[in-house]
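In what follows, every chain begins at residue 1, and chains take the letters A, B, ... in the order their sequences are listed.
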Amino acid sequence: LTGEREAWAQPRRLHPLSVLVNLSREGGRLLAVLIVVLVGGRSAGLGNLAELAAPVAAVGFGVLTWLRTTFQVEGEELRLTSGVVFRQIRTGRLDRVQAMDLNQPFAARLLGLAELRLQFAGGEHGEFRLASVRHAEATALRAHLLNRVTTTPRPTPPPDAETPPAEIPPSDALPGDEHVLFALSTRMFLGSMALSATVWAALLATVAALALGSRSLLPGGITTLLGGGSVLLGAAGFLYARAQRSYGFTLSTTNDDGALRLRHGLLNRFTHTVPVGRIQAVAIREPLLWRTAGWAQVRISVAGHADGGEDEEDRHAASMLLPVAPRDVALRIASRLLGTDLAAVTLRPVPDRAAARLGPWRRAHGYGYDDQIVVAAGGLFEHVRTAIRHDKIQSIMRTQGPWQRALSLSSVTLHATRGPVQITIAHQDADEAEAFVLSQAARACPHSSAPTPAQ
Amino acid sequence: VSNGAGRPVSIEDWQFVEGRSLATAERARLLVPVGILILLGVLNAGVLRWTLIAVAVAIPALTWYSLGRSARSWRFREREDDLLIEHGSLVRRQIVVPYGRMQFVDIKVGPVERSLGIATIQLHTASPKSGARIPGLLLEQAELLRDRLARRGEDRMARL
């Protein structure tokens, strides 16, 4: 095995014929090079020479790229060095590999080559592509890497696995050992629509469109009719999409793997499965009109859903944990997912001098934390409370603009994985915020000096 | 696992970037738009010509000082559990990235940067918003830092 390790630790080039494969795939960029060379050559009066030079330049660029691209598996890292004009050395840790694909595009297949794609946990730049190497080499490298990737991140077990099942209504067993945590009644669904400002705006737009439409039945009103019709369609589509997302909504939990099942749909029924350990951050929204009824909405950011190939609508649906629920139910379920009581975290209000920035709305703002989570509250008409577990915070940024500096205020953003939940602590005392930021890493990685837990 | 107990103490102090080179690199980025404006000015005539040339002169004149100031403002500290980066002159930013959250570290060198012997370190976490980077490092300084960060990341690996 050591011999194999050493063999892969040497910087290697891709297969020479990969130049041809990449030429066929990067047709667009190639065309730009060709046009520049052709136009440049023609205008310089070189004529036929230019036609000859263009493909030579294209192949030359490909060969240059090939010459300057190497990869190696050194220690626990995969290192990819590339770039003709901009040199880039990319390093990815093997224990962070999320997925490994071995693809054979048509051109590569003809030449007996294959490309290896490695997906590292890390947003949009997380993909390393080795295109292309011999098929056998790709297979061998994949096997070697799989051998080394001993600790691929897996969904962690739910943090609340030991929570006594007393909160779960016991009688609601569904097929597959599911327990219903919350089922949205039709009454509440209609109420939530009736108390929504956006729904009212859509209805008003519909009424206005109808009024315009009826007037346009007079001669010459055909353009108004078209305009009114499109508004009508838009509003109806919006209302339908909204009903589709929340009508008949049930949230249940599975007993075997602790995943959440989300079901909803007006005409079509949708089911989404969310592993609890993949939930990164939670937002509880209380729109102005819903507050009078004591209702709230819960949205979540889920790891992997952003990077995966799932479409926008799918992602949106999987992030809607509770479209509308009584406030205490929303808090209880959110607390259950976070593994600590959300309502018990006391919030520090913003200082009075922040009134210069927030006005009377500053009372809705604040932040707080315990040993498990950080909570940030804010919002103007709609109150939003966001929460994240310390171990899900990826990085922290504190900003201070000139206006804030004059007031000695500062805002803090906690970065989670991609998703609808944005956690911002706005306009807190600058010194306090700095102390919070500087001590957060210790809370975020409490076991930093301990050995990595076995998986 | 000892988390780098043998590390020299000095690393915990503030480290600074090559502010002068970084400022030059940032200012060099202006060459292209300024050049295009001047070219357009020369190709046009009358009031338009002088307006374009005035704008071409005004851009570097107005941004020269602030580019230099913000380039000099970059500094960072390798703390016990995290990397702390501070920069910005008008809007100040302070970014903390725990070592255990770093997915991978890139070194980027553009043509201007290469001629000045500097490089940019780009840190990637599982959040696309992190965007933490340190520009204006000497190339070997950047490579050493990259290796140190990668090593500490391994020691403090955390799961998603």
Minimum heavy-atom separation for B:Pro98 and A:Ser395, please, with both atom names.
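So the two residues come closest at CD-CA, 4.4 Å.
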
Could you pull out the closest heavy-atom pair between A:Phe86 and B:Pro111, with the gap in Å?
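Minimum heavy-atom separation between A:Phe86 and B:Pro111: CE2-CD, 3.4 Å.
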
Contact origin within B:Leu90 toward chain A - heavy atom pairs under 4.5 Å:
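Contact with chain A involves both backbone and side-chain atoms of B:Leu90.
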
Atom group of B:Glu86 that falls short of 4.5 Å from chain A, counting heavy atoms
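Only the side chain of B:Glu86 comes within 4.5 Å of chain A.
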
Under a 4.5 Å heavy-atom cutoff, which of B:Ile107, B:Val97, B:Leu123 has the most pairs with chain A?
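The option with the most such pairs is B:Ile107.
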
Which of the residues B:Gln94, B:Glu143, B:Arg114 is involved in the greatest number of heavy-atom pairs with chain A at under 4.5 angstrom?
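Option with the greatest count: B:Gln94.
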
side-chain contact (heavy atoms from CB on, under 4.5 Å) for A:His415 and B:Thr125? Distances and angles first, verdict last.
CA-CA 9 Å; A:His415 299 134; B:Thr125 70; 5.8 Å; no

Are any side-chain N or O atoms of [X] and backbone N or O atoms of [Y], one a donor and one an acceptor, separated by less than 3.5 Å?
| X | Y | answer |
| --- | --- | --- |
| A:Arg398 | B:Val96 | no |
| A:Arg90 | B:Phe104 | no |
| A:Arg93 | B:Gly153 | yes |
| B:Arg93 | A:Met397 | no |
| B:Arg79 | A:Leu438 | yes |

Around atom CZ of A:Arg405, are there more than 12 heavy atoms of other residues, nucleotides or ligands at under 6.0 Å?
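Count over threshold, so yes.
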
Does OH in B:Tyr65 sit with more than 12 non-hydrogen atoms of other residues, nucleotides or ligands closer than 6.0 Å?
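It does not: B:Tyr65 OH has 12 such atoms or fewer within range.
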
What is the distance from atom OG of A:Ser439 to atom CG of B:Asp82, rounded to the nearest 0.5 Å?
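CG of B:Asp82 is found 10.0 Å from OG of A:Ser439.
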
Rounded distance (nearest 0.5 Å) linking atom OG of B:Ser127 with atom CD1 of A:Ile396:
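One gets 11.5 Å once the value is rounded to the nearest 0.5 Å.
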
Counting a contact as any heavy-atom pair under 4.5 Å apart, which residues of residues 35-49 of chain B contact chain A?
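No residue falls under the 4.5 Å cut-off.
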
I'd like to verify something: which residue of A:Val412, A:Ile393, A:Thr91 has the highest number of heavy-atom pairs under 4.5 Å with chain B?
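It is A:Thr91.
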
Quick check: do B:Lys129 and A:Thr413 have side-chain heavy atoms less than 4.5 Å from each other?
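A side-chain contact under 4.5 Å is absent here.
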
Enumerate by number any residue of residues 67-83 of chain A whose heavy atoms lie under 4.5 Å from heavy atoms of chain B; in the absence of such residues, state 'none'.
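So far as heavy atoms go, A:Glu76, A:Glu77, A:Arg79 are the residues that approach chain B to under 4.5 Å.
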
